[in-house]
Amino acid sequence: MEIKYDYLIVGAGLFGSVFAHEATKRGKKCLVIDKRKHIAGNIYTENIEGINVHKYGAHIFHTSNKEVWDYVNTFVEFNRFTNSPVANYKGKLYNLPFNMNTFYQLWGVKTPQEAQAKIDEQRVEYAHITEPQNLEEQALVLGGRDIYEKLIKGYTEKQWGRPATEIPAFIIRRLPFRFTFDNNYFNDTYQGIPIGGYTKLVEKLLEGIEVRTRTNYFEHKSELEQLAEKVIFTGKIDEYFGYQFGKLEYRSLHFENELLETPNFQGNAVVNYTNREVPYTRIIEHKHFEFGTQEKTYITREYPHEFSKDNESYYPINDDKNQTLLKQYQQLANKQQHVIFGGRLAEYKYYDMHQVIDAALSKLNEIFKKS
Ligand code: FAD
Ligand code: UDP
């Protein structure tokens, strides 16, 4: 069979699409396939009643990487959305991330000095923990018992399906902790949502490139591979190798969607439910990501879920067992001369969008420098 393409790109998510776009720009011929019926991978948005619904979970673009920010802005314009979730703990509301508004709501403290004194008082019993070994210890050392019990413990244990003492400390260090009245969830320089939805961004990346959806690589592997010089694989690394060492585990999610005949359900894009008794972790009201003024609203309750073959794989599990397994698969991957593994499933990495774009651009530069 004649080789028709330089690259067969498995996966029309962000990694695959950035790679396809850049390789095409450099004169290479690409074929992009995806087993789903749509492009854009997990950042796929679908227009429902004029609202761009984030079908695989809420996505907010944030980065301090100017190169990546300038890059995405060449394809779509971003709005001024700033993520400022609210936490609902047993019916009482608190601002997130942990900031002066939160401290006021928790303790009535009004100045940074009062807040610092209150936190110091709360942390005193954990002063002996010099190197936090898990998320619980880290959270207690950072903010003390009240913050941990009301805003962290229940949410975290629902999200990850295990005690906070079995979750790595770094996960909670993602969240800002500040002594200003600033509800911005991220510390990054740039933030926003693509006007028209994330699918539009990916459509622009893939403009002029051959894309076949509903095409599973494993069902057509031998024919597809004969068509191209090289494969860019953004699916699961363990699946690629037939799960020969066992399956990498993920935390999954289940989404319950509702279209409501009201213009405004909760007044914010994201409301987290931080107590254990509520089975979902958060409710997303999609229109608020884009300041929508439609008559109806679309909401999604997000339920964390055990991973099984029928569920989507969302969050990689960062524990020794899975990291050891990953290393075994990576050793096999390194021997595959004609395949490049990239993206959150192939690298089994908790990647944000800006990091995936950066990874795809870096991989590309590496390849084109060599050739
Ligand atoms: P994917 O988007 O998963 O793309 C991989 C594609 O490969 C999929 O379309 C899949 O169908 C396809 N594929 C797999 N196997 C095969 C096969 N055998 N044959 C054909 N096709 C195949 N990042 C942020 O920056 N901000 C956020 O707010 C944010 N929120 C998130 C919320 C949730 C719930 C989750 C899970 C992630 C979030 N992320 C966020 C991370 C973001 O989703 C990822 O960084 C990004 O989508 C990864 O892109 P990717 O191309 O690596 O993977
Ligand atoms: N978290 C929490 N309470 C909240 C929000 C987050 O305890 O209201 C913890 C939780 O452990 C979560 C981690 O902080 O896994 C990181 O939060 P982030 O919003 O970054 O999670 P994402 O869904 O983006 O992975």
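Counting begins at 1 with the first residue of the sequence. Counting starts at 1 for both ligands and their atoms, in listed order. Owing to the predicted nature of the structure, the values given are computational and were not obtained by experimental measurement.
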Before we go on, tell me: are the rings of [X] and [Y] under 6.0 Å apart, centre to centre?
X	Y	value
Y155	Y273	no
Y240	Y329	no
F245	F241	no
Y350	Y315	yes

Would L175 count as a polar contact of ligand 2, with the cut-off being nitrogen or oxygen pairs under 3.5 Å?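 No.
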Single hit among T300, T297, T45 for side-chain contact (heavy atoms from CB on, under 4.5 Å) with H286: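 So the option named by the test is T300.
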In the hydrophobic cluster built from side-chain contacts under 4.5 Å, what are the other members alongside I48?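 Listed partners: I51, V53, L259, Y298.
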If you measure from the Lys or Arg side-chain nitrogens to the Asp or Glu carboxylate oxygens, is any gap between [X] and [Y] under 4.0 Å?
X	Y	result
E22	K28	no
E203	K200	no
R162	D319	yes

Intermediate values then yes/no, ring-ring contact (aromatic ring centres under 6.0 Å, His included), Y190 and H62: CA-CA 6 Å; Y190 311 105; H62 58 96; over 10 Å; no
Give the numbers and elements of all ligand 2 atoms closer than 4.0 Å to a heavy atom of [X].
X	result
I152	7 (O)
L96	8 (O)
T274	8 (O)

Protein contact of [atom] - nearest heavy atom, named by residue and atom, plus distance:
atom	result
atom 9 (C) of ligand 2	I172 CD1, 3.6 Å
atom 20 (O) of ligand 2	R174 NE, 2.9 Å
atom 16 (C) of ligand 2	I171 O, 3.7 Å
atom 4 (C) of ligand 2	N272 ND2, 3.5 Å
atom 23 (O) of ligand 2	Y315 OH, 3.1 Å
atom 1 (N) of ligand 2	Y155 CD2, 3.6 Å
atom 19 (O) of ligand 2	Y185 OH, 2.6 Å
atom 22 (P) of ligand 2	Y350 OH, 3.4 Å

Among N83, D352, L253, T156, closest by heavy atom to atom 10 (C) of ligand 2 is T156
Protein residues that have a heavy atom under 4.0 Å from any atom of ligand 1, sorted by chain and number: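 Within 4.0 Å of ligand 1, protein side: V10, G11, G13, L14, F15, D34, K35, R36, G41, N42, I43, Y56, A58, H59, I60, T215, N216, Y217, F218, T234, G235, L253, Y314, Y315, G343, R344, Y351, D352, M353, V356.
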Between E157 (side chain only) and A164 (backbone N and O only), is there a donor and an acceptor less than 3.5 Å apart?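 Between the backbone of A164 and the side chain of E157 there is a qualifying donor-acceptor contact (under 3.5 Å).
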With sequence neighbours left out, the residues meeting side chain to side chain contact (heavy atoms under 4.5 Å, CB included) with N47 are N52
Any residue meeting side chain to side chain contact (heavy atoms under 4.5 Å, CB included) with A360, in chain and number order, not counting sequence neighbours: F15, V18
Heavy atom under 4.0 Å from ligand 2: found in I167's side chain, backbone, both, or neither? neither
